[in-house]
2 protein chains.
Amino acid sequence: MPKLSTAKGLREIQLADNIFSALAHPTRRQILLSVHYRGVCNAGEIASRFDCSWPTTSRHLSHLVKAELLWVQSSGRERIYRANTRLIQSVLQQWTQYFE
Amino acid sequence: MPKLSTAKGLREIQLADNIFSALAHPTRRQILLSVHYRGVCNAGEIASRFDCSWPTTSRHLSHLVKAELLWVQSSGRERIYRANTRLIQSVLQQWTQYFE
DNA sequence: TATATATTTAGCGTATTGGCTAAATATATA
DNA sequence: TATATATTTAGCCAATACGCTAAATATATA
């Protein structure tokens, strides 16, 4: 378990905080899965797959980016998203282990 | 991945929703770990370990119970909590696998 | 350069969350 | 039975979350 008393522990806690709050919304979980399975997606592709408006999806995307669960990259006027699969897995695995 | 079109899938989605929203709060994650490591805890023991008021902790507890991450059992005037380690692990593992 | 396209940001309104204190409930003890 | 103890529930309030539409920004195309 991370310790509040070390810089590393603090960062880990902050990370967990962002990640679990990002995963708390069903649409965000879906976005994450969807981007993961497709490998790469631009904002429009993602937005088109969900019921909510594009701006709303856009905010979900920035939430996920802030949590470092997604990476963005600009390409012309498009924004390319990719899932940070390694982080997602490592955090989930880590927390699985806490309960072993 | 669970499907919205089947009863089982729907239940799984609902489960994930409760679980991830329960895990979204740092205090609730701490409670969960704390109860897990101690094996069994009554409400007072748990409440005493956190900064927030007992009623606030109590609400966190019911949130966790609703998500089935904790089990409660009454014993006299005490309420005994236990972590549903199996569920926690299976959900986290499941989601880890989605990203494999 | 003017316009179209891709996307985010701003701003607003409502719903939910999470904190608190006080009150209620249930059980144990004197 | 009256009181003390353990705990939850009720009710209030401020902050946050999340939906929307309209506006802003950045890049591509005519």
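It should be emphasised that the depicted structure is a prediction, and the values quoted were computed from it without experimental measurement. Proteins get letters first, then strands, A, B, ... in listed order; numbering begins at 1 in each.
Cluster membership check: B/Trp71 does not share its hydrophobic cluster with B/Val35, using side-chain heavy-atom separations under 4.5 Å among Ile, Leu, Val, Met, Phe, Trp and Tyr.
Counting heavy atoms from C-beta outward, A/Gln14 and A/Arg11 have side chains that stay 4.5 Å or more apart. Counting only heavy atoms from C-beta outward, the side chains of A/Arg79 and A/Ser58 never approach each other to under 4.5 Å. Counting heavy atoms from C-beta outward, A/Ile19 and A/Leu87 have side chains that approach closer than 4.5 Å.
Among all heavy-atom pairs drawn from A/Arg28 and A/Ser21, the shortest one is NH2-O, 3.1 Å. The heavy-atom pair separating A/Glu68 from A/Leu15 by the smallest distance is OE2-CD1, 4.0 Å.
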Nucleotides 11-18 of chain D: which of its N/O atoms have a protein N/O under 3.5 Å away?
residue : atom : partner : partner atom : Å
D/dC18  : OP2  : A/Arg28 : NH1          : 3.1

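Taking the side chain of A/Trp54 as heavy atoms from C-beta on, and the options C/dC20, D/dA6, C/dT7, the nearest nucleotide is C/dT7. With C/dT21, D/dG19, C/dT7 as the choices, the nucleotide that has an atom nearest any side-chain atom of A/Cys52 turns out to be D/dG19.
Across the protein-nucleic acid pair, A/Asn42 atom CG and D/dA28 atom C1' stand 15 Å apart, rounded to whole Å. In this structure, CD of A/Glu78 is placed 13 Å from C1' of D/dA26, rounded to the nearest angstrom. As a whole-Å value, the separation of B/Arg79 CZ from C/dA24 P is 20 Å. At whole-Å resolution of the value, CZ in B/Phe50 and C1' in C/dG19 are 16 Å apart. For the pair B/Lys66 NZ and C/dG18 P, the interatomic distance rounds to 12 Å; values are reported in whole Å. Distance B/Leu23 CG to C/dG18 C1': 17 Å, rounded to the nearest Å. Atom-to-atom, CD of B/Gln73 to P of C/dA26 comes out at 19 Å; the value is rounded to the nearest Å. Here the C1' atom of nucleotide C/dT27 and the CD1 atom of B/Ile80 are 13 Å apart, to the nearest Å.
Taking a pair to require two hydrogen-bonding distances under 3.5 Å in either a Watson-Crick or a G-U wobble arrangement, C/dT27 pairs with D/dA4. Nucleotide D/dT21 forms a pair with C/dA10, judged by Watson-Crick or G-U wobble geometry with both contacts under 3.5 Å.
Remark: A/Ser53 is in phosphate contact with D/dC20, judged by side-chain N or O atoms under 4.0 Å from OP1 or OP2.
Ring orientation note: the planes of B/His25 and B/His60 are tilted relative to one another, at an angle of 30° to 60°.
A donor-acceptor contact under 3.5 Å links the side chain of A/Arg77 to the base of C/dT5.
Within 4.0 Å (heavy atoms only), B/Tyr81 reaches sugar-phosphate atoms of the nucleic acid but no base atom.
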